[in-house]
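What follows is a set of notes on a single structure, which appears directly below.
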Amino acid sequence: MKRLHLLTPVVLGLALVCMATSFSEAQSKIIRVIATLDQLDPPPPSPFPTALGDSNTANADLADAQGHSAGTLASHCTIISVPPRDLLEQCLLTAVFPSGQIVFAGIAVLPTPGARAEFAILGGTDRYSNAQGVVKASVDPSGAPINFTFILN
């Protein structure tokens with residue numbers, strides 16, 4: 001008899017957790033943009049420094065899936081790991097949209113064709129002043145552009 005009394009709150013608790021998770025996922029806002037790099041320092045032909053502590057700064061135009069302007073992206077990345085370890089950089093990025101900015105950061109591989117990365121959203125301004133979530137980035141297999149998916153909680 002005691003098992004039945006214990007089982008009911010456990011089942012109800014699990015149901016509430018599942019409902020809360022589903023509600024939270026339903027409340028997420030997704031923003032998908034494509035970044036076309038237009039400024040990079042140092043400039044090509046050697047766009048990505050590969051010595052520990054080297055850095056690069058870039059600006060990109062952002063467009064939606066239909067090719068309409070969606071804003072700009074600014075980034076600053078520093079090489080933090082070199083061979084024989086993986087070649088990695090730590091980046092701080094800001095997406096500037098008409099309705100506000102989203103700042104995000106993390107560690108990633110260099111943006112080579114097919115590379116993928118995930119960044120933490122640190123915050124934002126205006127419409128995004130309470131922004132939380134992640135940004136997933138993927139470099140097109142051809143090497144450009146970079147696709148960004150903002151998943152705001």
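What you see below is based on every heavy atom in this structure, not just the backbone, and it leaves out hydrogens, waters and symmetry mates.
- For the pair S81 (side chain) and D86 (backbone), a donor-acceptor distance under 3.5 Å is present.
- Following chains of ILVMFWY side-chain contacts shorter than 4.5 Å, one can reach L152 starting from V135, so the two form part of one hydrophobic cluster.
- One distance of note links CG of L52 with CZ of R85; it measures 9.5 Å at 0.5 Å rounding.
- The side-chain heavy atoms of L62 and F97, taken from C-beta on, include a pair separated by under 4.5 Å.
- With rounding to the nearest 0.5 Å, the separation of CG in N59 from OG in S75 is 7.5 Å.
- Using a 4.5 Å cut-off on side-chain heavy atoms (C-beta onward), V33 and I31 make contact.
- Of all the heavy atoms in I151 and I121, the pair that sits closest is O-CD1, 4.1 Å.
- Residues S55 and H76 meet the side-chain proximity criterion, which asks for heavy atoms closer than 4.5 Å.
- Of all heavy-atom pairs spanning F119 and A108, the tightest one is CZ-CB, 4.0 Å.
- Put simply, the side chain of T125 gets close to the backbone of Q101: a donor and an acceptor are under 3.5 Å apart.
- Taking the side chain as every heavy atom from C-beta outward, I79 and Q90 never approach each other to under 4.5 Å.
- When all heavy atoms are compared, the tightest approach of D64 to A70 is N-CB, 4.0 Å.
- Each side-chain hydrogen bond (donor to acceptor under 3.5 Å, both in side chains) pair with one or both residues in residues 138-147, not counting sequence neighbours, appears once here: D140-S142.
- Contact detail for I146 and P111: the closest heavy-atom pair is CD1-CB, 4.2 Å.
- Here OG1 of T57 is found 10.5 Å from CG of L92. Values are rounded to the nearest 0.5 Å.
- Here CD1 of I102 is found 11.0 Å from CG of D126. Values are rounded to the nearest 0.5 Å.
- Closest heavy-atom contact between A35 and P145: O-CB, 3.1 Å.
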